[in-house]
Amino acid sequence: MAPPLVRVRFAPSPTGYLHIGGVRTALFNWLFARHHGGEFILRVDDTDQARNVHEALQPIMDGFKWLGIDWDEGPGMGGPHAPYFQSQRSDIYAEAVKKLLEAGHAYRDFSKPEEFAAERQAAEKEKRQFIYSRTWMAETDEDVKRFEAEGRESIVRLKMHREGKCEFHDLVRGDMSFEWRGEQDHVIQRKDGSCLYHLTSVVDDGAFEISHVIRAIEHLPNTPRQIFIAQSLGLELPIYAHLPFVAEPGSSNKLSKRKLDKYLKNRDFKVLYDHGEKIAEQIGFSASPETFNPVIVDFYREIGFLPDAIINYLLLLGWSLDDKTEDFTREAMIQDFSLDRITKAPASFDPQKLMSFQSRYMWRLDMDEKVEMVLPYLEKAGFAQTPASEETRSRVKSILEAANERISLAGDILDYSEFFQADHSLEYEEKAFRKRLVNAEAQRELLVKLRNILPGVEDFSAEHLDQILHTFVEEEGVGMGMIVHAIRVAITGKAVGFGLFEIMAIIGKDACINRIDRALKLVDQQQ
RNA sequence: GGCGCGUUCGUCUAGUGGUCUAGGACGCUGGCCUCUCACGCCGGUAACAGGGGUUCGACUCCCCUACGCGCUACCA
């Protein structure tokens, strides 16, 4: 059976984390494949990895799975072109090098690193373009013997064209043209026999029958040398599409994991990070910058983001359908995606806009889904048993209904810990306590009066409490504001929150009374 | 240095020679709603990097400059 017309790949290095920019690249590949009914392949670029590949790959695969980006071939999936780890494909690369050597498109180079470097430096000093003299190029067996007799060791270099142009069409950039003479005789094989990126990448793209290479723009200048390799090997050229990179918030520098400290100086970025850190602290997650960092996908999963929100946001980072559509379901984005609507300029990562997608997606969730999302946070923070009791679930549901748009991240449920704390251990915000109770004698008196009618309230529902409170203020001849704040602070410890009647109903009659009594007692003690 | 890519509101973007006194979204902001906060609603702010062409007409085409970024590795 003929392979499908579209086969694309994403080739991560096993670094131990999934970078948000990488996700965007993978997403575009994935969408392109799904749109065309093609295949998306994951290949592991581990040619240069000393570390434990399996361990370093797991977070990347977990990240993709969480985001709903699935691959048709690759680690964990197998496929007709296995293995999908470059570290296990050395023989294939060695074979390709041999072929290149035999055809005269590559040569053994016996230069010593310092000799080569000296040539380069000389060129730089004279401000002329460096082109290797090929002094130590060995093309015959005699050459090899001679150089080896000198005790030299060899690597393999590409014997690049030195005239003419490399022309190709890029689906995002248009027609591209590079002078061949601008290319170096790149090394493709080290003296220990291991091969370098350009070689392995091209060989695998060929072997996997990759139809379209969709990757970040930093690879654009690499394309001529890769085309050279592919042509020299007699491979069919893939179609290229180079994506703009994802930039730092408010800058055109490429987003990098290493610069967290710097990003934290950006206000919006810091807000996001602090929001996450607050949640992480409460669930006892140790926030190491290696994994807990807004350029890494794990960060978002840990604090309760929705994969769909992240994907939707990333989709619009360098791509748009028209001048207004912003919300895309998976089906819609697969349906509408096309490479020709990709932007050419770098797109900077905007934490605020990401957050606005997240909020919208969160609000739209069904109540049951929301409860399930939020429960693990309460469990980790010690506010609920695992598994949560029916009582806890129904309380959580009430809170979520009342809190409504106030919860954007699943971890935000921890902002409402007052509903899970014991009456005697509730903490009061000092400022609110002073303003609404200690320094508010009239309000306090009203609070005492109200407290005394609460025991007689049979129906403690929000609707009924609404009535009771309104009747109360009417009879007292005061505004609602005179009583609401005092109650809120007394029973939640906080100055702000959602509707007071809902709060009272959720906390319940006994607890409300207990908390009011306790608050009043604390006021006495302070005076 | 050489080569390449890019440049519309603070940010993501729409715009492919006249419909652009440049549209949408996020943000910011004024007001309304209101028991606080949030939501919601109504309104506001704000951009074609600069200079030359081409053209009756340029955000759109060409050239130059500036700025940013990338490649120029026995990294990927």
Give every pair of a protein N or O atom and an N or O atom of nucleotides 30-33 of chain B that lie under 3.5 Å apart, one pair per line with the distance.
none

Between protein and nucleic acid, restricted to nucleotides 48-50 of chain B and to nitrogen or oxygen atoms under 3.5 Å apart, what atom pairs and distances do you find?
none

Polar atom pairs between nucleotides 23-27 of chain B and protein, under 3.5 Å, N or O only, would you list them?
residue : atom : partner : partner atom : Å
G23(B)  : N2   : D323(A) : O            : 3.3
A25(B)  : O2'  : E326(A) : OE1          : 2.6
A25(B)  : O2'  : K353(A) : NZ           : 3.3
A25(B)  : N3   : K353(A) : NZ           : 2.9
G27(B)  : O3'  : Q352(A) : OE1          : 3.4
G27(B)  : O2'  : Q352(A) : NE2          : 3.3

Tabulated below should be each protein N or O lying under 3.5 Å from an N or O of nucleotides 58-68 of chain B; please produce it.
residue : atom : partner : partner atom : Å
G68(B)  : O2'  : S252(A) : OG           : 2.3

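Note: CZ (R152(A)) to P (C74(B)) measures 17 Å, nearest angstrom. Going from atom CD of E124(A) over to atom P of G2(B) covers 13 Å, rounded to whole Å. Atom CD of Q226(A) and atom P of C71(B) are 13 Å apart (whole Å).
Here K159(A) does not pair with D109(A) in a salt bridge; the nearest charged N to carboxylate O distance is not below 4.0 Å. Ion pair D415(A)/K278(A) flagged as a salt bridge, since at least one NZ, NE, NH1 or NH2 atom sits closer than 4.0 Å to an Asp/Glu carboxylate oxygen.
Each of I214(A), V213(A), L31(A) was scored for a side-chain contact (heavy atoms from CB on, under 4.5 Å) with V8(A), with one residue passing: I214(A).
Nucleotides G30(B) and C37(B) are separated by 14 Å at their P atoms, to the nearest Å. Using C1' as the reference atom, U55(B) and A47(B) are 25 Å apart when rounded to the nearest Å.
Side-chain contact, Y197(A) with N222(A): no donor N or O sits under 3.5 Å from an acceptor N or O. In this model, a donor atom of one side chain and an acceptor atom of the other lie less than 3.5 Å apart for D412(A) and H275(A).
Residue P113(A) is in base contact, counting any heavy-atom pair closer than 4.0 Å across all strands shown. If you check every strand for non-hydrogen atoms under 4.0 Å, R225(A) touches sugar and phosphate atoms only. Looking at heavy-atom distances under 4.0 Å, R128(A) makes no contact with the nucleic acid at all. Residue contacts for L317(A): at a heavy-atom cut-off of 4.0 Å it reaches the sugar-phosphate backbone alone, with no base atom in range. Here H242(A) lies out of heavy-atom contact (under 4.0 Å) with every strand.
Residue pairs meeting the side chain to side chain donor-acceptor pair (under 3.5 Å) criterion with at least one member in residues 315-326 of chain A, sequence neighbours excluded: D322(A)-T325(A), E326(A)-K353(A).
When both pairing distances are held under 3.5 Å, U55(B) makes no Watson-Crick or G-U pair with any nucleotide shown. Across every strand in view, A49(B) sits in a pair with U65(B) that passes the Watson-Crick or G-U test at under 3.5 angstrom.
Contact annotation: T343(A) side-chain N/O to U13(B) OP1/OP2 distance is under 4.0 Å. For C75(B), one of the phosphate oxygens OP1 or OP2 lies less than 4.0 angstrom from a side-chain nitrogen or oxygen of R190(A). Within the structure, a side-chain polar atom (N or O) of S320(A) is placed less than 4.0 Å from OP1 or OP2 of A14(B). Between C75(B) and T47(A), no contact under 4.0 Å exists linking OP1 or OP2 to a side-chain N or O.
Note that R24(A) lies in the cation-pi zone of F28(A), set by a 6.0 Å cut-off to the ring centre and a 45° limit from the axis. Figure legend: R157(A) and F116(A) shown as a cation-pi pair, the cationic atom lying under 6.0 angstrom from the six-membered ring centre and within 45 degrees of its axis. F228(A) does not carry R225(A) over the face of its six-membered ring by the limits of under 6.0 Å from the centre and within 45° of the normal.
Projected onto RNA chain B by closest heavy-atom contact, D185(A) and E179(A) fall at different nucleotides, the more 5' of which corresponds to E179(A). For the pair K191(A) and M176(A), nearest-nucleotide mapping onto RNA chain B gives the more 5' position to M176(A).
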Requested in this report: I would like to know whether F349(A) and Y313(A) meet ring pair (Phe, Tyr, Trp, His ring centres under 6.0 Å); could you show each step before the answer?
Outcome: CA-CA 10 Å; F349(A) 181 80; Y313(A) 171 70; 5.8 Å; yes
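For L196(A), the side-chain atoms get nearest to A76(B) when compared with the rest of C12(B), A76(B), G70(B).
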Query raised in the report: Reading nucleotides 34-43 of chain B from the 5' end, what letters show protein touch, with B for base, S for backbone sugar-phosphate only, - for no heavy atom under 4.0 Å?
Result: -BBBBS----
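Between H242(A) and Y240(A), the ring planes lie parallel to each other; the angle is under 30°, not in the 30° to 60° tilted range.
Checked against the 6.0 Å centroid criterion, the rings of F337(A) and F328(A) do not qualify as a close aromatic pair.
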